[in-house]
Number of protein chains: 2
Amino acid sequence: MTEPATRRREPTTADVARRAGVAKATAARALGGYGSVSPEVRERVTAAAQALGYRPNELARSMGTGRSRTIGLVVGDIENGYFGLATRAISEVAHAAGYEVVLVNTAERHADEADAVRLLLDKRVDGLVVVPAASFDAEHLRAACATGRPVVLLDRRRDDVPALSVSVDVVPAVRELTGALLAAGHRRIAYLTSLEPEFDHPDLELVSSPIADRLLGMRQAFTAAGVPLAPDLALFGAHSPAATAALVDRALEGPDPATAVVSSDAVIALDVLTRLRERGEDLPGRLSFASFDDAPWAPLVDPAVTAVQQPIQQVGAECARLLLEQIRTPGAGPDPGAAPVARSFPARVVHRASIGPGPGARR
Amino acid sequence: MTEPATRRREPTTADVARRAGVAKATAARALGGYGSVSPEVRERVTAAAQALGYRPNELARSMGTGRSRTIGLVVGDIENGYFGLATRAISEVAHAAGYEVVLVNTAERHADEADAVRLLLDKRVDGLVVVPAASFDAEHLRAACATGRPVVLLDRRRDDVPALSVSVDVVPAVRELTGALLAAGHRRIAYLTSLEPEFDHPDLELVSSPIADRLLGMRQAFTAAGVPLAPDLALFGAHSPAATAALVDRALEGPDPATAVVSSDAVIALDVLTRLRERGEDLPGRLSFASFDDAPWAPLVDPAVTAVQQPIQQVGAECARLLLEQIRTPGAGPDPGAAPVARSFPARVVHRASIGPGPGARR
DNA sequence: ATGAAAGCGCTAACAG
DNA sequence: CTGTTAGCGCTTTCAT
């Protein structure tokens with residue numbers, strides 16, 4: 001505690017052992033809480049450690065045991081509240097189990113993600129939770145699985161990676177939401193996602209399961225209602241306020257404008273609402289709006305936003321639990337060749353005031 | 001790349017050396033990028049490493065060098081967007097410099113914070129950024145500084161810890177905001193903070209500089225306006241929606257109710273607005289509202305919220321920069337005994353619609 | 001430029 | 001229960 005600050009080298013088990021007059025291994029046993037030591041020796045060692053201000057070197061410990069009690073978390077965008085919640089949940093579960101979390105933010109850049117995965121593996125994390133960015137290349141994830149250390153995918157499935165995944169099942173909720181829009185008389189429903197236009201591709205499912213699922217649910221609802229789906233209203237590239245504004249303008253102008261807008265997440269929702277307000281659109285009178293992610297502010301804006309609420313904390317917590325389980329029982333994960341295993345939690349629609357009658361409404 | 005998955009032990013420098021037909025040290029030099037190796041040997045070693053799927057063990061590397069290229073970040077509440085932004089900024093700067101960030105969330109619990117700091121130190125992080133939770137005990141922070149590894153305090157100063165701190169200077173902004181409220185005719189201004197009532201204490205400055213600064217700014221504005229400050233309206237304990245609702249009720253009822261409410265952060269703001277709406281309060285007609293933290297949704301609620309905008313990304317980035325600087329030039333930090341050094345960035349008021357005339361307004 | 005050998009601080013296997 | 005002796009995988013003298 002009250003050490004002379006003029007110490008350069010930190011005390012080690014050897015120092016403690018010397019001071020306590022025991023062998024290094026004995027001191028290490030007492031300090032590390034393994035093996036067995038007599039109460040009196042333990043006492044002497046503890047006292048010596050205390051006097052010296054000894055602190056274990058976890059690096060050395062990890063090197064010996066091969067385990068670091070650390071898990072890596074690779075996320076695209078930590079400042080997005082959605083992933084903030086997931087991070088929090090994962091931290092909580094990991095922490096309770098005595099694990100630390102190393103967080104890497106990749107800004108949804110594939111190259112950064114690959115680097116992050118590699119680096120965390122090099123740092124010998126015991127397992128990895130990854131929110132994979134949309135990309136056709138998943139080599140880094142397969143490589144991670146090949147190390148034998150457990151990997152769990154959060155919020156996004158990848159059929160080409162032999163890892164567990166935990167995500168939100170949005171399809172029924174999307175169907176419900178879209179159904180509500182259709183029932184209200186809307187036919188032209190725009191959907192805005194931050195995914196780059198290069199992913200607007202038939203194999204979208206490979207690359208971003210959440211977006212593919214949203215589109216699938218919408219398509220199902222249209223089919224069920226016997227209404228033809230307009231593919232021109234799936235709008236990609238809403239990655240900034242300006243880009244989102246431009247997409248909103250595109251959706252709302254032209255010969256057959258959208259009468260309803262759905263945003264892919266709460267960040268986009270904010271930009272969409274801002275733009276709609278700038279344009280002076282009448283919500284929910286002439287235009288309807290809904291969003292994925294039920295952000296805490298959704299009930300407070302005017303009109304209150306109808307949203308698809310996603311149990312992301314549960315997803316995060318389950319991810320962490322599954323990861324820890326695999327860490328503790330090696331071989332519990334999916335086989336390298338086996339089909340990926342997926343677990344999901346259902347989303348639900350929270351109906352608020354932002355959906356009004358569309359042009360096809362009976363009056 | 002395409003390794004037989006039936007390998008148990010990961011390849012080491014020794015394996016690579018053997019395959020390349022050189023000494024272990026030579027292989028290590030080629031792989032680690034230090035010392036000097038002839039181009040042809042480097043070539044052979046690289047090829048062998050590639051063939052074996054060699055990856056360096058950063059743990060072992062750190063153990064040898066004594067540096068881990070990792071910094072620890074201890075935050076109270078990562079799901080609060082304010083700290084999400086700070087985390088993002090710190091990650092960005094650290095990452096650009098080749099450092100990783102280990103994040104620990106403490107839920108603002110002092111004991112967890114102390115544990116986290118100790119553990120990160122034990123893991124041999126090269127430096128620490130801490131957002132200290134309010135507490136009279138800062139022993140863990142002093143201990144951290146005593147290890148010689150640099151520590152930077154984020155968003156909150158501590159005069160009893162010899163560490164650099166980077167925070168937001170809110171005093172002028174608070175003065176401006178309070179002045180605006182006073183000028184609008186408000187005399188009874190409630191201030192809600194999530195700090196526990198036990199910290200409602202003359203030595204608040206010791207324990208939470210941001211809250212102390214807010215109160216100081218308000219006091220200055222009242223004094224400047226020659227209006228007596230009502231100390232009964234500094235309301236502590238807004239740590240949950242229910243608690244906040246109760247405090248709002250308390251402020252708005254009784255013989256001399258508040259006519260303006262100011263919330264200490266955006267999370268509280270949401271709870272306050274929710275409660276005000278439940279109560280059917282007329283904003284900004286009969287009641288005014290303002291908040292610290294200019295959340296992205298602040299312009300979109302009705303009425304748009306006047307807020308104190310705090311440059312938290314700048315604070316985070318500067319924190320990281322100062323920390324890295326100290327890591328790279330040992331001894332650059334404050335002396336153990338010296339006065340703590342503080343750097344701050346000015347906040348500013350964003351005036352929107354949530355402030356209206358108070359009962360003292362001239363008509 | 002390369003090799004041999006000695007650590008870094010701890011855990012672990014094996015005697016006594 | 002305790003001491004001795006090896007490692008873990010890498011970096012780092014110190015020779016050569």
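Lettering follows sequence order; numbering is per chain, from 1. Bear in mind the structure is a predicted one, so any value in this text is a computation, not a measurement.
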Exercise. Taking B:Asp126 for the side chain and B:Ser68 for the main chain, is one N or O donor matched with an acceptor at less than 3.5 Å?
Worked result: yes
Problem set entry | Salt-bridge criterion met for B:Arg118 and A:Glu58 (N-O under 4.0 Å) | no
For this session: Answer yes when B:Glu10 and B:Arg55 have at least one side-chain N-carboxylate O distance shorter than 4.0 Å, and no when they do not.
Result: no
Problem set entry | Salt-bridge present (A:Glu92, A:Arg88; N to O < 4.0 Å) | yes
For this session: State which residues pass ring pair (Phe, Tyr, Trp, His ring centres under 6.0 Å) with B:His95; sequence neighbours excluded, sorted by chain then number.
Result: none
Exercise. Do A:Lys123 and B:Thr70 get their side chains close enough for a donor-acceptor pair, meaning under 3.5 Å?
Worked result: yes
Seminar exercise, completed: For nucleotides 3-12 of chain D, 5' to 3', base contacts (B), sugar-phosphate-only contacts (S) and non-contacts (-) with protein non-hydrogen atoms under 4.0 Å give BB---BBBBB
For this session: Name the first nucleotide and the last nucleotide along DNA chain C (5' to 3') that come under 4.0 Å of a heavy atom in chain B.
Result: C:dA1 to C:dG9
Exercise. Does the pair B:Arg9/B:Asp15 count as a salt bridge with the N-to-O cut at 4.0 Å?
Worked result: yes
Exercise. Does B:Glu100 pair with B:Arg69 as a salt bridge, N-O distance under 4.0 Å?
Worked result: no
For this session: Just call it for A:Ser38: base, sugar-phosphate, or nothing, with non-hydrogen atoms closer than 4.0 Å on any strand.
Result: sugar-phosphate
